[in-house]
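Some notes on the structure that comes next.
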Amino acid sequence: MKVLILPDAQAAVARAADIIATTIAKKPDAVLGLATGGTMLPLYEVLAQRHREEGLSFAQTTSFNLDEYIGLTPDHPCSYHHYMRDAFFRHIDVDPSRTHLPKGDAADPRAASDAYEALIAEAGGIDLQLLGIGQNGHIGFNEPTASLGSRTRIKTLTESTRRANQKYFASFEETPRYAITTGVATILDSRKCLLLATGSAKAHAVAKMIEGPLAAICPASALQLHARATIVLDQEAAAALAFTDYYETVHPQGQASAFD
Ligand code: PGA
C-alpha cells in the first residue's frame, strides 16, 4: 500500500486528482471506477475545474460506479445516478452512454447485479478504482463481514451507514435499507485502487484498513491484498495510524517516493 499523508483535505483532494489525471494522460480510454459520498464532492469539483481550465478530457473514458440504492429511480434526487450527473458528469465531456451505475430500480435486482458484474468484465475491467471509506470500514456498500470474495450483489445496509446517509433523505425511515454494490473481489480485480479519506471521523477506520488485520469486519482491509493500492489521506484521517513516520519517510508530504 502506498500511504500518502497530505497536510489538509484540499491538498489530499488535489493529490487524488493528480493521480486520476495521470491515469487518463497515460490511457485516454481508461475505465474508471467511481465513488459517491461527501468526500468525493470536492474531488469532482477539482476534476471539473481541470477539465474547464486545463483541458483534462474524459471524452474517451468509460465509468462504472460502485453502488446504487435499491428502490430509487435514476431521477430520484437522492439516487447516486442523480449525484453523479449533478456533481460530475454534467460538468465534463464524458459520453453519458459510457457512464454506468447499478440499476437500483430494476425489477430483478439480483439479475441486474449479475449483469453489472458482466458489463465490467466486458469493458475489460477497471483501470483505476476510486474509493471512499465508511466510518465502519466499508468500501462501496460492502458492510462489515461482507465476503472478501464477493461480487456485485444486493447488500443490506447497516444502521450506522443509514444514519450517516440520513442527512440526504427526509428521515431515517426513508433512508434506503438495501443497495446493489460491486463486491470486494470486484474491487480487488481493478488494476489500481485509489482510496481518498479526509476528516477525523475516518481516522479509526483508516487505521484498521492499513494497520489492522486483514478481516471481513473491516472490508477496506482487503486492500492490503491489492498490489497497487494508494491511500490518500489528510492529517486528520491519518491521526490514528501508528507508522506515520515510515509513511512520511517514503512519501514526504504525500509526494512521490524516490522510486515512483
Ligand atoms: P462519505 O462516504 O464520503 O460521505 O463519508 C464514504 C463512504 O461511505 O464510502
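When a ligand or atom number is given, it counts from 1 through the structure's own listing order. Atom set for the values below is all heavy atoms of this structure, side chains included, hydrogens, waters and symmetry mates excluded.
- In summary, Arg50 and Asp18 engage in a salt bridge, as defined by a charged side-chain N under 4.0 Å from a carboxylate O.
- Aromatic ring orientation, His100 versus Phe64: parallel (interplanar angle below 30°, classes split at 30° and 60°).
- Ion pairing between Asp234 and Lys202 fails under the 4.0 Å rule for side-chain N and carboxylate O.
- One distance of note links CD1 of Ile231 with CD1 of Ile5; it measures 11.0 Å at 0.5 Å rounding.
- Ligand 1 lies under 4.0 Å from heavy atoms of Gly37, Gly38, Thr39, Gly132, Ile133, Gly134, His138, Lys202.
- The residue from Phe169, Tyr178, Tyr168 that alone fulfils the ring pair (Phe, Tyr, Trp, His ring centres under 6.0 Å) condition with Tyr69 is Phe169.
- Salt-bridge annotation for Asp86 and Arg90: present, with a side-chain N of the basic residue lying under 4.0 Å from a carboxylate O of the acidic one.
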